[in-house]
Visitor: 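Take this structure first; my questions come after.
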Amino acid sequence: MNTSTDYFLVDEMLTEEQRLIRRSVRDFVDRDIIPIIDSYAQKHEYIPDLMPKLGALGALGPYIPEEYGGAGLDQISYGIIMQELERGDSAVRSAASVQSSLVMYPIFTYGTEEQKRKYLPKLASGEMIGCFGLTEPNHGSNPAGMETKIIEKSDHFVLNGAKMWITNSPLADIAVVWAKDEQGQVRGLIVERGMNGFSTPTTHNKWSLRASATGELVFQDVAVPKENLFPDIRGLKGPLSCLNSARYGISWGVIGAAIHCYEVALKYASERNQFGKPLGGFQLQQKKLAEAITEITKAQLLSWRLGVLKNENRATPAQISMAKRNNVEIAINIARELRQMLGGMGIMGEFPMMRHAANLESVITYEGTHDIHLLITGMDVTGINAFG
Amino acid sequence: MKYLVCISKVPDTTAKISFKNEDKEFNSDGVTFIMNPTDEWYALVRALELKEASGGQVTVINVGPKDNEKFLRSAIAIGADDAVLIEANEETESYYIAKNIAKYAQENGYNFVITGKETISFNSFSLGGMIAEFMDLPFINQATQWMLNGEVSTIYKEIEGGEEVLEVTGNCVISAQKGMAEQRLANMKGIMMAKTKPLAIIPIALGEEKVQVSQYQVTPPRGNCKMFTLDQIDELVQALQSEAKVI
């Protein structure tokens, strides 16, 4: 019996540090997430103290340089962290993804020195929680249509509009918000909790990412000081560059969810007997397991190669779209298929498949839907835009 | 204070155990190795806590092949200041390891040598006692708590039906078990810093293996359970007589 989830020895392509990182995050997930996650998901509550714990581990903004509180890791290390966190739950990985790629990344890339010094160290430690506002009630796949606006006044901007499906908004101390200026250009700015007219209503009754706090961002004549604006970035490339970083992390993360389902199903298949032999001895069950490990292996290789390209600054948005789309799809299929192997037990909270499968319904939708990523690949190979 | 923590390499707890070479040698094919948990969770973390409270230096040490360097790097990533690998061909017997560790500890002025209670591989419990003997120091085994006040160590041990509290003045050797500390995870900064901290590789000094393993035997797997209900006493007695042949 070969219980390895590293079928093509991808490990051998990792550095000693990267292997240590994986072990440390895996230990964290085994110790601090897996024993409690079902309870929080069932209660539809976020995990208290998750962010300081992720901060202490160094999982928030790991690729941000040390002088701003990060660990200065490379992109493959970031991917490995996401993979191991999502082995615990997509809610945990989402919290780390948003803080790292959608809040710390834009502040580090587009922020002023003062903004970096003010926010990054506290975001890295988890003392401060951030969220990212791009999607709007009427503009999901088409962010260019956004209605949220800033109007320039003498020493501040007046912000009006609303964002929705915002991970961590109910908990956030700050929000990186994208809004159009009077010239119709997309600008980014940092909105702080406590600013008059800024509220973050919680989104209730999700069947997915139940251990993650999701909400809206509502801005009613919020006066945002001018020093909170990202000075130079204009247009959608600002938020899209953040999404590229997050989507890259997701391509790794979902492999973790698939691995967890596979580990559980393989063990179950060797222990559960029907018709006088283990489940693993039946052809249809072997098909499920063999296809799962094949797809996990392909996804690992795709993400690893994408990580190499990203480290060399050569990863294209289209490559990232392909990896995100492929890996989320294989992960959700693995979660659904392997859930069936457990029969009735597969729907119970003691086993992770149902939770992972439900989480992956969000992951296949957010950060660019499955279909939108297909169109990105389609446009890349044909040169023809088929979005509108 | 200078703390020397002994780090062993052991098979991962989920590894399938088998032997080769006519059952004289552990078969490491396909086995993942980890740092011995009692060394890592209890010995190393307690030494780090004491150092953090009142200063000093925590060194981790292993006697074994060069590849064991990675376990020492893991220990550094958790917080050790430096590491020493006494290079030997392969994992070997405790006497030989203890002799070399004791020599290093003595020559480099360590106040405390700390091991985990046992390695989870061979469970021999023997290293600490031998090191203490070679260094002519007191040895406290299976300690559950260790407080240090100046030169005086207060050490708790579990004993049958209760607890024993010991005071040791000056240097000593301690083996640590559950209760001594909590597992500490290496964080990302620690992992990145680990490669910048010193790891010395020194040749084995005293090479005399006294004990050879002549054979390993795997415990036969437990047989199938046969259940009897309360009204089947006669059948039970008969089975014990004719099948199990124990009465």
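So you know, we letter chains A, B, ... as the sequences are listed, proteins then strands, and number each from 1. Excluded from the calculations below are hydrogen atoms, water molecules and symmetry mates; all remaining heavy atoms, backbone and side chain alike, are included.
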Visitor: With rounding to the nearest 0.5 Å, note down the distance linking NZ in A/Lys267 to OG1 in B/Thr14.
Guide: 11.0 Å
Visitor: Salt bridge check, A/Glu17 against B/Lys189: does any charged N sit closer than 4.0 Å to a carboxylate O?
Guide: no
Visitor: Looking at B/Tyr156, I want to see if its OH is surrounded by more than 12 non-hydrogen atoms of other residues, nucleotides or ligands under 6.0 Å.
Guide: no
Visitor: Please classify the contact between B/Ala186 and chain A as side chain, backbone, both or neither, with a heavy-atom cut-off of under 4.5 Å.
Guide: both
Visitor: Answer yes or no: are there more than 12 heavy-atom neighbours, outside B/Gln183 itself, under 6.0 Å from its atom CD?
Guide: yes
Visitor: Counting N and O atoms only, with roles assigned by atom type, does the side chain of B/Asn187 sit under 3.5 Å from a partner on the main chain of A/Ala56, one being a donor and the other an acceptor?
Guide: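 Yes.
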Visitor: Has B/Phe228 got more than 12 heavy atoms of other residues, nucleotides or ligands less than 6.0 Å from its CZ?
Guide: yes
Visitor: Once rounded to the nearest 0.5 Å, what's the spacing between atom CZ of A/Arg19 and atom CZ of B/Arg73?
Guide: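 Reported value, rounded in 0.5 Å steps: 14.0 Å.
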Visitor: Hey, is the main chain of B/Ser74 close enough, under 3.5 Å, to the side chain of A/Arg23 for a donor-acceptor pair?
Guide: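 Absent.
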Visitor: About how many Å separate CD1 of B/Ile34 and CG of A/Asp27, when rounded to the nearest 0.5 Å?
Guide: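 Answer rounded to 0.5 Å: 8.5 Å.
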Visitor: How about A/Tyr46: does its OH atom have over 12 heavy atoms from other parts shown lying under 6.0 Å from it?
Guide: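 Counting neighbours around OH of A/Tyr46, 12 or fewer heavy atoms of other residues, nucleotides or ligands fall under 6.0 Å, so no.
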Visitor: What is the distance from atom CG of A/Leu20 to atom CE of B/Met188, rounded to the nearest 0.5 Å?
Guide: 9.5 Å
Visitor: Please determine whether the number of non-hydrogen atoms from other residues, nucleotides or ligands lying under 6.0 Å from atom CD of B/Gln217 exceeds 12.
Guide: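 No.
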Visitor: Mark yes when over 12 heavy atoms from residues, nucleotides or ligands other than B/Glu22 sit less than 6.0 Å from its CD; otherwise mark no.
Guide: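 No - once you tally the heavy atoms of other residues, nucleotides and ligands closer than 6.0 Å, there are 12 at most.
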Visitor: Which heavy-atom pair separates A/Ser24 from B/Ile191 by the least distance, and what is that distance?
Guide: CB-CD1, 4.2 Å
Visitor: Tell me, yes or no, whether the heavy-atom count around B/Glu182 atom CD, taken from other residues, nucleotides or ligands under 6.0 Å, exceeds 12.
Guide: no
